[in-house]
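Since this is a predicted model, take the numbers as computed values, not measurements. Lettering of chains follows the sequences in order, A, B, ..., and the numbering in each one begins at 1.
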Amino acid sequence: MRTHDAGTLRAADVGSEVTLAGWVGRRRDHGGVIFVDLRDASGIVQVVLNPDDAPASEQELNSLRMEFCISVSGTVRLRPGDMANPDLPTGEVEVVAAEMAVLSPSETLPFQIDDRTEVDEAKRLQYRYLDLRRPSMTANLRARSRTIRAMRDVMDDLGFMEIETPTLIASTPEGARDMLVPSRLREGSFYALPQSPQLFKQLLMIGGVERYYQIARCYRDEDLRADRQLEFTQLDFEGSFWGQEDVLSTLEEVSIRVTKELRGIDLDRPFPRLTWHQAMERYGTDKPDIRFGMEIHDLSGVFAETGFNAFSGVLASGGSIRGINAGPLGLSRSGLDGLSSRAQELGAKGLVWMVTEEDGGLRSPVAKFLSDREMEGLVGTLGAVPGDILLLVADETRTVLEILGLIRLEVGQSEGHDELAYLFVVDFPVFERNEDGDFVALHHPFTAPVDVREMSENPGHAISKAYDLVLNGSELGSGSVRIHDPEVQAKVFETLGISDEDAERRFGWFLEALRYGTPPHAGFAVGVDRLVAILQNAPNIREVIPFPKTQSGADPLTGSPARVEDEQLRELGIEVRPEVRAEWAAGESAGG
RNA sequence: GGGGGCGUGGUGAAGUCUGGAGUUCACGCCGGCCUGUCAAGCCGGAGGUCGCGGGUUCAAAUCCCGUCGCUCCCGCCA
């Protein structure tokens with residue numbers, strides 16, 4: 001149907017007879033000659049429709065509109081005179097049409113297909129097939145494809161085998177909510193869609209596979225965010241006779257190859273590393289953006305003897321005072337007060353700002369409560385120079401770090417991702433406490449502790465062989481050395497408060513599998529959507545997912561999720577509660 | 001579950017704070033002119049219950065209450 005791709009034509013093609021097909025990007029009708037920007041997946045080339053050449057009937061030529069799908073046969077020639085368009089890769093040439101045919105006309109578009117205007121996202125999703133014609137979306141899809149191919153190339157080079165694991169699995173009520181799928185053959189029972197292939201890839205290790213990977217679709221039924229969808233894609237891999245360094249080095253390989261592919265730059269290795277504890281202390285988060293400094297400093301020593309009640313009270317109750325040097329932010333008094341109220345929104349009692357003066361003194365609403373020695377200590381600890389703005393929070397240490405971590409991002413983080421800062425965070429704790437004070441696994445309960453005895457005796461401080469890959473403040477993925485000893489696995493369940501009975505019921509099959517000569521193994525999962533989004537400078541992962549869901553989990557194009565026929569429910573042994581049906585009825589009568 | 005932002009011809013925006021005729025700008029659409037433009041240009045035209053419902057008022061896009069949708073964030077995401 002065609003001989004060439006529109007976007008590939010160059011001066012070297014001059015004189016060629018070509019047949020192209022694609023869409024009318026723009027039409028410039030001069031009454032006589034008509035110029036059409038013909039767009040296909042490869043790009044754009046200018047087509048000249050001259051009525052003197054009678055490429056089609058006059059009526060057909062005049063009927064051409066945006067996004068008509070057409071085919072054109074003609075000759076490639078250099079553009080005459082100085083009419084080359086340097087903004088187009090094909091700008092030196094044009095195709096003079098001898099024949100033009102409308103393959104498929106288009107109705108007037110619901111929105112313009114154009115990267116310059118930002119159309120309401122619900123509208124874009126409703127007409128996603130049109131949205132995908134926009135050059136930025138085409139570029140994102142291509143980048144995603146190249147990313148996944150580069151990942152497969154790396155994994156193949158390293159001797160990994162690609163294996164598919166099931167997506168209809170048993171629910172293990174731990175962690176995120178499972179997406180459930182009712183079983184017809186066993187009424188009243190449900191499959192779960194996997195949150196990750198975790199247990200299956202461990203079974204593959206026990207099965208002697210040694211090196212597995214998969215581009216795996218994963219599902220978590222939790223609230224959506226800019227970087228979270230109900231379903232998402234991970235590069236999931238696992239290796240036997242492997243430790244942490246094998247995994248991290250593989251991750252470097254993958255990141256370097258993908259970054260080279262999409263950005264054309266060579267990353268240095270090894271990637272920087274922080275322990276979880278360092279990350280929390282210096283950045284107030286386990287996924288620091290290290291493209292900029294503004295590190296958190298402990299100022300409790302500076303204020304040990306302070307007469308400022310707000311600070312001394314916090315210290316007396318075991319909290320701490322910490323701060324960042326935000327540099328010369330260029331904020332007004334009201335802007336600074338805005339930061340204070342933002343900190344309060346985030347859960348701090350307050351945030352104190354100080355501006356460093358030319359004479360080394362500090363201007364601040366609380367300056368009058370501070371001694372000269374305290375001010376000197378502040379300026380010294382935070383390395384402040386005149387004009388620098390210092391932001392302090394006093395509270396329970398955990399709160400202080402969290403708030404300063406968030407404020408640091410709000411005042412310091414740059415908008416896009418021109419610069420890339422990959423980082424490994426290692427030495428995560430095995431457990432954290434939930435709101436009830438019970439231990440829960442910070443990573444997942446199959447993660448190996450560094451020291452089993454330490455884990456039993458002092459679970460709150462035990463370190464695990466778990467690690468994260470972070471890029472520009474985003475968690476790209478997590479992994480760990482897994483437990484291969486059933487005794488250790490049982491101890492972890494015990495510490496988590498899972499009884500032997502419970503563990504046997506939920507994971508008995510897995511504990512049994514561990515007893516048959518399980519090799520030591522370790523692995524990781526990289527979030528493909530997040531990685532591509534960052535490398536493409538996209539504001540959220542929906543931009544790199546062809547058909548994403550809205551924040552309420554809906555697809556405006558196909559109407560999912562949707563109700564089903566009562567007959568379907570009956571077959572599954574499922575009933576919709578009467579109050580839900582009442583809501584449906586109310587919603588239908590209320591309308592819009 | 002909670003907090004913030006947004007919703008105005010087909011699209012994007014201004015107008016909303018401080019109520020006074022559906023006003024304005026750009027794109028698109030329809031018609032006309034135009035044979036070298038490339039976000040083509042010029043002239044003319046059509047097109048909107050200002051998301052929806054209620055309230056206040058002589059008067060509501062504008063103020064108040066509720067609701068729906070989209071979005072960002074907190075919770076949640078082993």
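One atom, CD of Gln413(A), and another, P of C73(B), lie 11 Å apart when rounded to the nearest Å. Computed from coordinates, the Asp227(A) CG to U71(B) C1' distance equals 14 Å when rounded to whole Å.
Less than 4.0 Å separates RNA chain B from at least one heavy atom of each of the following residues of residues 119-128 of chain A: Val119(A), Asp120(A), Glu121(A), Ala122(A), Lys123(A).
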Please produce a list of atom pairs where a protein N or O lies less than 3.5 Å from an N or O of nucleotides 1-9 of chain B.
none

> Quick one: what's the B/S/- string for nucleotides 36-41 of chain B, heavy-atom cutoff under 4.0 Å, read 5' to 3'?
Replying inline: BBBBB-
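Using a cutoff of 4.0 Å between basic side-chain nitrogens and carboxylate oxygens, Arg134(A) and Asp114(A) are not scored as salt-bridged. With respect to Arg28(A) and Asp37(A), a salt bridge is recorded, a charged nitrogen being found less than 4.0 Å from a carboxylate O.
Taking only side-chain nitrogens and oxygens, Thr550(A) comes nearer than 4.0 Å to OP1 or OP2 of C70(B).
A distance below 6.0 Å separates the ring centres of Phe510(A) and Phe446(A).
Between Asp52(A) and Thr117(A), the residue whose closest nucleotide on RNA chain B is further toward the 5' end is Thr117(A).
Under the rule for a side chain to side chain donor-acceptor pair (under 3.5 Å), Lys123(A) has no partner lying at least two apart in sequence or in another chain. For Gln195(A), the side chain to side chain donor-acceptor pair (under 3.5 Å) partners two or more places apart in sequence, or in a different chain, are Asp178(A).
Residue pairs satisfying the side-chain hydrogen bond (donor to acceptor under 3.5 Å, both in side chains) criterion with at least one member in residues 400-411 of chain A, sequence neighbours excluded, are listed as follows: Arg342(A)-Glu410(A).
If you take atom C1' in U71(B) and the same atom in G51(B), they sit 15 Å apart, rounded to whole Å.
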> Would Phe507(A) and Phe493(A) count as a ring-ring contact (aromatic ring centres under 6.0 Å, His included) if you check the C-alpha gap in whole Å, the side-chain angles of each, and the deciding distance to 0.1 Å?
Replying inline: CA-CA 10 Å; Phe507(A) 302 114; Phe493(A) 285 145; 5.1 Å; yes
